[in-house]
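Chain letters run A, B, ... following the sequence lines, proteins first and then strands; every chain starts at 1.
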There are 2 protein chains.
Amino acid sequence: MKQKDGLSIGELSKQSGVNIETIRYYEKIGVMPAPDRSASGYRVYGADHLKRLSFVRRSRQLGFSLDEIRGLLRLVDGHAYTCAQVRELTLDHLAEIRRKIADLKRLERVMAEMAAQCSGDWAPECAVIDALFDTRPPAVEPSGRQPPMPTATSVMRRR
Amino acid sequence: MKQKDGLSIGELSKQSGVNIETIRYYEKIGVMPAPDRSASGYRVYGADHLKRLSFVRRSRQLGFSLDEIRGLLRLVDGHAYTCAQVRELTLDHLAEIRRKIADLKRLERVMAEMAAQCSGDWAPECAVIDALFDTRPPAVEPSGRQPPMPTATSVMRRR
DNA sequence: TCTTGACCCTGTAGCGGCTACAGGCCCTAG
DNA sequence: CTAGGGCCTGTAGCCGCTACAGGGTCAAGA
């Protein structure tokens, strides 16, 4: 029953580096097209699916949101994109990345200053805590509203 | 019925700069203690609540997760923290921020290179799209698993 | 005194981008 | 014929909020 280039979802997952559950999720939200099914209902993918999924993965790694990726794919699918359109999306995204870097650098400076106040000895009063309890408007004012700020804990959980 | 220092949730919100809904959320998840209630069931806050909420707000702005903030507050509440403990949390967090900056700088470089390839003229083939379709492992390998990557769309929605 | 409107209450559902089940079916090797 | 791996659907959870719906309360003005 195996057709040429017919990949199971597991094979597609391995070749693309995208989680099986994520592939199904992409299908559900319309980022990936629904593939053919085998007689028993298994998804069967072709080379085009692999190509598209790689596109999605790479775009995600570059920080594009799924919504932006949908936009890019719409352009590509319609063969109706101009280089200028794509360039604009790219530059928008680049600006966004630079804004985030600037925000994080401000954070870095404040945190480093706080840590520097800290002797490291035991002490009942701590400069960091004092600084955090300081109710004055903090030195770090993000350039926009701050993004969800993806939590150092996600990393801490990881270790 | 107004007791001295008795703040309504709306007043607390204004003075702390934290959204009303967010204050109630903090109470629900145990970051803020449940305050007294007026006869009619309204929350009544005191100066200590304002202080604590400011602490939370400031810590959030510095990128601490609510889980980390809970940790800090536990130390503070127990009066059992050593400066060294706090310092360690701070330095962990600082390292995390620096990691994110490094990741974003890699992104910035790749995106800038892609955009530079782009003439901006109309063209049926586009360097950016080509680069995204490139299935080779991308030049940008985040140092850990990449965080949720809080989407440029949240910004685009904003405008 | 009554009415208006601002405030407050609880509870639930939604966002993005997955991940992790539960409870099943299918397929192949031993 | 059985064990195990894969696959299927559907739902619930993660974080840190935000936005309702559908009520109760309170103070100022007519």
For the side chain of B/Arg60, counting heavy atoms from C-beta on, which of C/dC9, D/dC17, C/dC27 is nearest? D/dC17

Taking every non-hydrogen atom, the tightest pair across B/Leu62 and A/Leu107: CA-CD2, 3.5 Å

Earlier contact from the 5' end, DNA chain C, for A/Tyr26 and A/Tyr42: A/Tyr26

Can you measure B/Ile20 atom CD1 to D/dC17 atom P for me and round it to whole angstrom units? 15 Å

When the distance from CD of B/Gln61 to P of D/dC17 is rounded to whole Å, what number comes out? 11 Å

When the distance from CD of B/Glu68 to C1' of D/dC15 is rounded to whole Å, what number comes out? 13 Å

Give a yes/no on whether any side-chain N or O of A/Ser40 is located under 4.0 angstrom from OP1 or OP2 of D/dC8. no

Of the listed nucleotides (D/dG6, C/dC21, C/dC8), which one gets closest to any side-chain atom of A/Glu21? C/dC21

Answer with base, sugar-phosphate or nothing: what part of the nucleic acid does B/Ile9 contact at a heavy-atom distance below 4.0 Å? sugar-phosphate

Under the criterion side-chain contact (heavy atoms from CB on, under 4.5 Å), I'd like the reasoning laid out for B/Leu89 against B/Glu68: C-alpha separation, chi angles, the key distance, then a yes or no. CA-CA 8 Å; B/Leu89 286 178; B/Glu68 291 171 303; 5.8 Å; no

How many whole angstroms separate atom CZ of B/Arg43 from atom C1' of C/dC9? 7 Å

When rounded to whole Å, the CD to C1' distance for the pair B/Glu27 and D/dG16 reads 17 Å

From C-beta outward on A/Thr22, which listed nucleotide comes closest to its side chain: D/dC26, C/dT19, D/dC17? C/dT19

If you count every heavy atom of other residues, nucleotides or ligands that lies below 6.0 Å from B/Glu88 atom CD, does the total exceed 12? no

Could you tell me the separation between the CG atom of B/Leu12 and the P atom of C/dC7, rounded to a whole number of Å? 15 Å

Any idea which of C/dT10, D/dC8, D/dC17 is nearest the B/Arg37 side chain? C/dT10

Figure out the CD1/P separation between A/Ile23 and C/dG17, and round it to whole Å. 17 Å

With respect to the phosphate group of D/dC15, does any side-chain polar atom (N or O) of B/Ser65 fall under 4.0 Å of OP1 or OP2? no

Counting only side-chain heavy atoms from C-beta out, which of C/dC18, C/dC8, D/dG16 sits nearest to B/Tyr25? D/dG16

Without decimals, in angstroms, what is the distance between A/Leu53 CG and C/dG17 C1'? 14 Å

Would you tell me if any nitrogen or oxygen in the side chain of B/Asn19 comes within less than 4.0 Å of OP1 or OP2 on D/dC17? no

Pick base, sugar-phosphate or nothing for A/Arg24, based on heavy-atom distances below 4.0 Å to the nucleic acid. base

Would A/Ile29 and A/Arg70 satisfy side-chain contact (heavy atoms from CB on, under 4.5 Å), going step by step from the backbone distance to the final call? CA-CA 10 Å; A/Ile29 63 167; A/Arg70 252 190 297 254; 4.0 Å; yes

Assuming nearest nucleotide by heavy-atom distance, tell me which of B/Gly10 and A/Lys28 is located more 5' along DNA chain C. B/Gly10

Is A/Tyr42 linked to A/Leu7 within one hydrophobic cluster, defined over Ile, Leu, Val, Met, Phe, Trp and Tyr using a side-chain heavy-atom separation of less than 4.5 Å? no

